[in-house]
Number of protein chains: 4
Amino acid sequence: MGAAKSKRVPRAVREQQMLDAAVRTFARRGYRAASMDEIAEGAGVSKPLVYLYLNSKEELFSRVIRRESAALVAAVTAAVEPGAAADRQLWSGLKGFFAHTAERPDGWAVLHQQARTQGEPFAVEVAAMRAEIVRFVTVLIGAAAKEAGCDGELADREVAGLAHALVGAAESLAEWANARTADGTSAFGVSGERERPTAKETAATLMNFVWAGLGRLMAGERWAPGG
Amino acid sequence: MGAAKSKRVPRAVREQQMLDAAVRTFARRGYRAASMDEIAEGAGVSKPLVYLYLNSKEELFSRVIRRESAALVAAVTAAVEPGAAADRQLWSGLKGFFAHTAERPDGWAVLHQQARTQGEPFAVEVAAMRAEIVRFVTVLIGAAAKEAGCDGELADREVAGLAHALVGAAESLAEWANARTADGTSAFGVSGERERPTAKETAATLMNFVWAGLGRLMAGERWAPGG
Amino acid sequence: MGAAKSKRVPRAVREQQMLDAAVRTFARRGYRAASMDEIAEGAGVSKPLVYLYLNSKEELFSRVIRRESAALVAAVTAAVEPGAAADRQLWSGLKGFFAHTAERPDGWAVLHQQARTQGEPFAVEVAAMRAEIVRFVTVLIGAAAKEAGCDGELADREVAGLAHALVGAAESLAEWANARTADGTSAFGVSGERERPTAKETAATLMNFVWAGLGRLMAGERWAPGG
Amino acid sequence: MGAAKSKRVPRAVREQQMLDAAVRTFARRGYRAASMDEIAEGAGVSKPLVYLYLNSKEELFSRVIRRESAALVAAVTAAVEPGAAADRQLWSGLKGFFAHTAERPDGWAVLHQQARTQGEPFAVEVAAMRAEIVRFVTVLIGAAAKEAGCDGELADREVAGLAHALVGAAESLAEWANARTADGTSAFGVSGERERPTAKETAATLMNFVWAGLGRLMAGERWAPGG
DNA sequence: CATGAATGAGAATTCATTCAT
DNA sequence: TATGAATGAATTCTCATTCAT
């Protein structure tokens, strides 16, 4: 386990190795339970070197959060087709999101599960990235409404709510799709009754659900307790 | 601070005091960062007594999870009207859920944020409760489909997916509605631009969104990438 | 070495044992080089107990400084005869000072050598005690001048300077008299050419020198480079 | 910060730069708290170079002590007028001493405060220099006694004691005159009520006090408790 | 002459847990 | 029923020191 013994590596490379190991460890153990010893060993270096380059556990965690945040945003951004219709943009964005989170489950776990539950210094960093994505989705939904020619039907407030719900649902699905048991194996086994869904399938499920609801709402239909 | 000094309290009562303190502490600090010292002080007893009754930190956390899980399930169960139509049952269940999580934010935080991120022994316990709720919702959606006379349109698999998404969305909203700032105060202040939403409002928002989408899906409409 | 194994000792007693060990260790090694491990072992307890009672190395050092300061001031205060003539008071105070520093060489080393060289938080505490003693000596010299009927001859500024010099000289002599080699043995051995001087002798030496100079100055005699 | 980047500097020069940085750092932080990192950075070189030239922290500190000791002795020696009367020699020596310590406060702090409190290897080195100075002063006082024609009055032992006291007093005054606050600024500010005294003033203060006392003692006058 | 990369050893501090009463 | 006294085992972080280039 750990990287193959490779001495005298340039700093930039070593730092990435350390961040890689840190992502793994933080994802599996959580911020507090992760030990710098384990991270150093995972990176194939001694602890002092980790401190020399990353200064402290707190800063290391911050660096991890920032790197994974940036990677996620980049993946989603790269996936969308700029000029396309709103629904296509949303669709491609979702595919990109699910593909990225499936590819880097540890990174996603750190962002979604660990960073958000560690309070002030860290939760804020993830919140910022999340806000950026919500904003993007809000714009898309607004555009879709306009394209559908139903400007007045959806209040801004409602659009924002929908965006928030959509993002939340996507996060939930991503977590579920990447679920893994404690021993690190996938929760979807050959012996299990179902296979791990592909990013495309997951995106379709969500898109389907959301777009249908959206259509009705734009048509002015609401649910009421009385009904 | 803590309970007023009261000696010779019967065991059952003391245990509840301890669990109360533990919920508070685990919610605010997380499992690892919470110290048995703080919990004992919060309960107004000495540490050895906590160990005498609850045996270990791990067992204490388990007990907390089980107590809060049971309370949540009980609250939701008590809220639904047994004989009513599926949509009304869902609606009242959601109200019950949001009301309970709003009333016991620490309990919800322990279940949703802390227990799930601590791996094997604990995550499993919450997962069991969650599965129970998902099953309940699945039945409701199935019933709704039958009531709407569209048996064949929704595959079982799809129903399950919808139930999962619905539960996930509800969790997301509950977390958001109970958000608190680092200093422990509510994120929705008198001076803020918006008030903390009531359980009823939150339930309505979700119900609206979900029911609309559900209706369309049951009518056989789907979104397809082809546009 | 260390206290005999004695379990279950009341807190107040244990704290004194810890402070005793700390004085020894700080005196021999200096603040930085002293390890909490060594102090704990010296006190015959485990490290966590030291932290439980004294909180941190810094606070432990503070407590040591305050305890030793108080003991020194108490010893000097107890030694002077309140109603006596100024010179007798000075004499008895000096005897008390040298006796105390001879009896507790480690305490004196901590105050005089270690605390003063550790900067802000600690140096200030010793400085306060020292200032108290300088003030006391200043008053005595002033009284002596008045008794000798030479009010105008000695300016206040000069009196203060003399007090300062006198205290400095006493400190210097105390350090010298208690000098010990690195292996902890007295610097004045049987085989050496001289015995360690008694407190009385040291006091006499200083008193003699100071009083003589003081007399001349009060008589208005000064040294001038031209001479 | 540190010296301007200048490559390929001859060894002798580099060593002095390192010693300069070391004096600064040891004076401000103490032996233990001073880090080789800080010293290297202060000297504007890499750490390995420091080790290449000075071998170890211990040896570096030794070199510092020896350099500063030698400088101090040289300054005092250069100041005295060889053929002059004893009192003039003492006077000029004191002036030289105070001038030197004022000019190199860090060097003096290392000798007087740090080296003496670090035990065996270092304390001995300063002690040796100090002994040399005490011997010099002893000779001067003896000469003065002879000049004053009072050979028998002062026992050798007493002369030695006086020399010791005189040196101690001088050290004390030097420390006091060079006192600096924690933030590194002089304790005597423009805004303060008094200016930092000049070397000449400090020397006069001490000379005055000592010479007066000395005179009386040589005249055979003693203080006795019986008073 | 000079340095970027790397580490073994040890420091302070915390915490879950137990013992004796 | 209840607790003051006590500790083994980590954990984060620092530092003097060396190697390969």
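Protein chains get the first letters and strands the later ones, always in sequence-line order, with residue 1 at the start of each. Just the heavy atoms: all of them, side chains too, but no hydrogens, waters or symmetry mates, feed the values below.
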### Task
Quickly work out the C/Arg11 CZ to F/dT7 C1' distance and round it to whole Å.
16 Å
### Query
Does a salt bridge link B/Glu15 with B/Arg11, judged by any charged N lying under 4.0 Å from a carboxylate O?
yes
#### Entry: Shortest non-hydrogen contact between C/Val124 and C/Glu120, atoms and distance
CG2-O, 3.1 Å
### Message
What is the distance, to the nearest angstrom, from the CZ atom on A/Phe61 to the C1' atom on F/dC13?
### Response
19 Å
### Task
Determine the minimum heavy-atom distance between A/Glu58 and A/Phe122, stating which atoms define it.
CG-CZ, 3.4 Å
### Between C1' of E/dT13 and CD of C/Glu38, the distance in whole Å
18 Å
### Message
If you compare all heavy atoms of A/Gly107 against all heavy atoms of A/Val23, which two are closest, and at what distance to 0.1 Å?
### Response
N-CG1, 3.6 Å
### Query
Should the pair B/Arg67-B/Asp20 be classified as a salt bridge under the 4.0 Å nitrogen-to-oxygen rule?
yes
### Query
What string of B, S and - do you get for nucleotides 16-21 of chain F, 5' to 3', if B is base contact, S is sugar-phosphate-only contact and - is no contact with any protein heavy atom under 4.0 Å?
SBBBS-
## Note on the structure
Atom CG of A/Leu49 and atom P of F/dT12 are separated, to the nearest Å, by 17 Å
### Message
Distance check needed: E/dT14 C1' versus C/Leu54 CG, whole Å only.
### Response
16 Å
#### Entry: Over all atoms of both residues, closest heavy-atom pair of B/Ala34 and B/Arg29
N-CB, 3.8 Å
## Note on the structure
Between D/Leu52 and A/Ala12, the residue closer to the 5' end of DNA chain E by nearest nucleotide is D/Leu52
### Message
Counting the atoms with a prime plus P, OP1 and OP2 as sugar-phosphate, which does A/Pro10 contact under 4.0 Å by heavy atoms, base, sugar-phosphate, or nothing?
### Response
sugar-phosphate
#### Entry: Heavy atoms of other groups near B/Arg116 CZ, more than 12 under 6.0 Å
yes
## Note on the structure
Computed from five pairs at either end and rounded to 10 degrees, the angle between the axes of the helix from E/dA2-F/dT21 to E/dT21-F/dA2 is 30°
### Task
Starting at atom CG of A/Leu60, determine the distance to atom P of F/dC13, rounded to an integer number of angstrom.
10 Å
### Message
Consider side-chain contact (heavy atoms from CB on, under 4.5 Å). Of C/Gln113, C/Gln118, C/Lys57, which one does C/Phe26 pass it with?
### Response
C/Lys57
### Task
Please say whether more than 12 non-hydrogen atoms of neighbouring residues, nucleotides or ligands are located less than 6.0 Å from CZ in C/Arg66.
yes
### Query
Could you state the CD-P distance from B/Glu15 to F/dT1, rounded to the nearest angstrom?
10 Å
